[in-house]
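The sequence lines fix the lettering, A, B, ..., with proteins before strands; numbering per chain opens at 1.
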Amino acid sequence: PDPCHDEGGAPRSCVPGLVNAALGREVRASSTCGRPASRTCDASDPRRAHPAALLTSAGAAPGPLCWRSEALTQSPLNVTLTVPLGKAFELVFVSVRFCSAPPAAVALLKSQDHGRSWAPLGFFSARCGHDFGRPPAPAHGPPGPGPEALCFPAPQALPGGGGLLAFSVQDGSPPGLDLDSSPVLQDWVTATDIQVVLTRPATTGDTWDSTATGTYSYSAAELQVGGRCKCNGHAARCRPDPQGHLLCDCQHGTEGPDCSRCKPFYCDRPWQRATAREAHACLACSCNGHARRCRFNMELFRLSGRRSGGVCLNCRHNTAGRHCHYCREGFYRDPGRPLSDRRACRACDCHPVGAAGKTCNQTTGQCPCKDGVAGLTCDRCAPGFQQSRSPVAPCVKTP
Amino acid sequence: EVMPTLDMALFDWTDYEDLKLAA
């Protein structure tokens with residue numbers, strides 16, 4: 001079954017499945033051990049390297065399982081992990097599995113413009129005021145009205161020495177917001193890139209501060225970004241193009257990486273995101289097969305009761321009008337052919353001498369005849385008239 | 001009654017050369 005159309009072929013909202021958007025993506029780490037090589041880490045030796053690629057390879061690479069930062073000795077001890085997702089996704093969760101005791105403070109950021117600007121999604125620390133200058137998150141989520149980046153407890157330490165940071169986009173969103181109807185929630189969950197900033201390493205208790213001395217490092221095995229490829233309800237899957245860029249497989253007359261605009265000929269009404277109730281498919285302009293391009297006119301759309309605003313451009317086959325639905329001057333409708341026929345409009349063919357003009361009646365094809373002249377094209381004298389020698393008055397009354 | 005079509009050869013174009021060209 002086609003998830004984007006019902007059994008009758010009518011469009012319906014469709015979304016790609018939930019995936020780990022970070023899987024196979026190239027992670028950039030601001031610090032990775034092994035350059036220069038140490039006893040336990042050598043970037044040039046695959047058996048002893050701890051590259052950031054391990055975070056998104058799902059254990060596919062041989063050798064060590066964990067990425068590791070350099071040994072950090074001086075404040076600030078920030079290390080940043082950046083994952084470009086390749087295109088816009090609608091986030092569901094972000095998780096980081098740490099190989100050693102988890103950091104005491106982490107900031108989670110997102111970009112919606114491929115890394116040009118960043119906005120926080122959440123902060124994680126037992127000392128929110130100290131680390132981020134923010135109060136701890138209220139027990140029942142943000143007071144609203146919109147989602148916001150809150151400061152949550154520090155990543156959880158797991159038995160055996162590892163740790164886990166788990167963030168759900170719902171954690172920053174007030175209850176009751178619906179993705180279909182809330183543009184602010186749509187904006188909140190949308191990201192093209194994710195950044196995890198490890199700002200304070202694990203220490204014994206809360207005693208660490210900027211004057212502390214020692215050697216610290218971060219280590220993590222997996223970074224997951226759970227989400228759906230963002231297609232605005234107009235595609236059920238995303239696929240890589242020949243250059244490897246991920247694109248929505250757009251339906252409903254839409255196009256673009258996120259199906260966020262109508263295809264050129266599908267502009268009879270404005271683009272809209274699909275909802276569970278209404279697919280809001282882009283509609284093709286009605287040009288009776290005589291035009292390849294059209295443009296949207298908001299004034300006409302309003303006047304039509306928000307039903308149709310498309311205006312056909314460059315009507316061909318001698319047609320004219322907003323929908324190429326009548327014949328242009330000098331042509332008339334052939335009643336024997338449907339309006340969509342290439343030859344639906346016939347030339348008037350008014351007689352050069354018998355007709356008083358070149359434009360015929362667009363419905364009947366009747367040319368305007370001079371006095372005493374008859375026929376559809378004014379090519380003969382009416383009964384009771386005979387041809388004269390004057391081209392100005394070609395027919396005169398029969399004596 | 002079907003009337004014959006206008007016969008262009010019967011017209012005297014002497015004073016209407018421009019009309020002849022247009023035709």
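- Distance alone, capped at 3.5 Å, is enough to place a donor-acceptor pair between the A:Arg380 side chain and the B:Met3 backbone.
- Of the two parts of A:Ala374, neither the backbone nor the side chain holds a non-hydrogen atom closer than 4.5 Å to a non-hydrogen atom of chain B.
- Contacts with chain B were tallied for A:Gly375, A:Pro394, A:Cys378; A:Pro394 has the most, counting heavy-atom pairs under 4.5 Å.
- A 6.0 Å sphere centred on CZ of A:Arg306 holds no more than 12 heavy atoms belonging to other residues, nucleotides or ligands.
- Counting non-hydrogen atoms of other residues, nucleotides and ligands closer than 6.0 Å to NZ of A:Lys370 gives a total above 12.
- For B:Asp7, the parts sitting under 4.5 Å from any heavy atom of chain A are the backbone and the side chain alike.
- Looking only at side-chain heavy atoms (C-beta outward), B:Phe11 and A:Ser390 stay at 4.5 Å or farther from each other.
- Using a 4.5 Å heavy-atom threshold, the side chains of B:Leu6 and A:Cys381 count as touching.
- Closest of all the heavy-atom pairs between B:Leu10 and A:Gln387 is CB-NE2, 3.6 Å.
- Proximity to chain B is limited to the side chain of A:Cys395, based on heavy atoms less than 4.5 angstrom apart.
- Heavy-atom neighbours of A:Arg292 CZ from other residues, nucleotides or ligands within 6.0 Å: at or below the threshold of 12.
- In A:Phe265, the CZ atom is crowded: over 12 heavy atoms of neighbouring residues, nucleotides or ligands sit closer than 6.0 Å.
- Other residues, nucleotides and ligands place more than 12 heavy atoms under 6.0 Å from the CZ atom of A:Arg328.
- The number of heavy atoms from other shown groups lying within 6.0 Å of CD (A:Glu329) does not exceed 12.
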